[in-house]
Amino acid sequence: MTQIEFVTELEQALRGNVEERIIQENVRYYNDYISEQRAAGKSEEEIFASLGSPRLIAKTIIDTSGEASTQENSRAGSYNYSTGSDDSSTGGDGWSFSWMKETASQNWVTKTIAILAIVAVVFLVLSIIFKLVAILFKPAVVVLAVAAVYYLVKNSSNK
């Protein structure tokens, strides 16, 4: 994916869902961010891997812009760039986009819940399989036990 493809996909996903001002602010932000990361020596592959899907970013912007429209300071459309400051809240690259940090923590929680749900389903399926196997093999164990007793009785009577 290239910078143009990323920004175009983001813009298309946002178009018709949020105000033009929010679209332009986010397009400008991501263009600037990608350029800054490239200037810092990161490859496009690394940059886009860290950003994730532009459609997912757009969905987050759309979701948060609904909340932000009722607030005085819109999280979806506001960002700051500080030059020369060693502010730890900017992540060291100068950009401060606090709603993305909130989204990242929400994504972590969502992924954790999804993993736990998958583990629970796997555990449930395995327990059902093992119970079925136990039910099906109970008669086989009885037959084997009877056959073993018969064999022992027959061999002991031959001696």
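Asn31 is linked by a side chain to side chain donor-acceptor pair (under 3.5 Å) to Gln3, counting only residues two or more places apart in sequence or in another chain. Partners of Ile135 by side-chain contact (heavy atoms from CB on, under 4.5 Å), not counting sequence neighbours: none found. For the side chain to side chain donor-acceptor pair (under 3.5 Å) test, no residue two or more places apart in sequence or in another chain qualifies with Tyr150. Contacts of Val133 classified as side-chain contact (heavy atoms from CB on, under 4.5 Å), with partners at least two apart in sequence or in another chain: Ile129, Phe137.
Residues Ile34 and Leu51 form a side-chain contact, since some pair of their non-hydrogen atoms from C-beta on lies under 4.5 Å apart. At a threshold of 4.5 Å between non-hydrogen side-chain atoms, the residues Lys131 and Ile128 do not count as touching. For the pair Ile22 and Ile61, the minimum side-chain heavy-atom distance is below 4.5 Å.
A distance of 4.5 Å separates CD1 in Ile23 from CZ in Arg15, rounded to the nearest 0.5 Å. Rounding to the nearest 0.5 angstrom, the gap separating the CD atom in Glu20 from the CG atom in Leu14 is 10.0 Å.
Annotation: Ile4, atom CD1; neighbour count of heavy atoms from other residues, nucleotides and ligands within 6.0 Å does not exceed 12.
Screening residues 36-62 for ring pair (Phe, Tyr, Trp, His ring centres under 6.0 Å) gives Phe6-Phe48 as the qualifying pairs, with residues at least two apart or on separate chains. Screening residues 40-52 for salt bridge (charged side-chain N to carboxylate O under 4.0 Å, His left out), with sequence neighbours left out, gives Arg38-Glu44. Sorted by first and then second residue, the salt bridge (charged side-chain N to carboxylate O under 4.0 Å, His left out) pairs with a member in residues 49-59 read Glu9-Arg55, Lys59-Asp63; sequence neighbours excluded.
In plain terms, the two heavy atoms of Ala13 and Asn17 that are nearest each other are O-ND2, 3.0 Å. The heavy-atom pair separating Pro54 from Leu10 by the smallest distance is O-CD1, 3.5 Å. Minimum interatomic distance between Val153 and Ser156 (heavy atoms only, all atoms of both residues): O-OG, 3.0 Å. Scanning all heavy atoms of the two residues, the minimum distance from Val18 to Ser65 falls at CG1-OG, 3.1 Å.
In the hydrophobic clustering (ILVMFWY side chains linked at under 4.5 Å, chained through shared members), Leu116 stands by itself.
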Validation: residues 117-124 side-chain donor-acceptor distances under 3.5 Å, sequence neighbours left out:
none

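In this structure, Met1 is a member of the same hydrophobic cluster as Tyr29, with clusters built from ILVMFWY side-chain heavy atoms closer than 4.5 Å.
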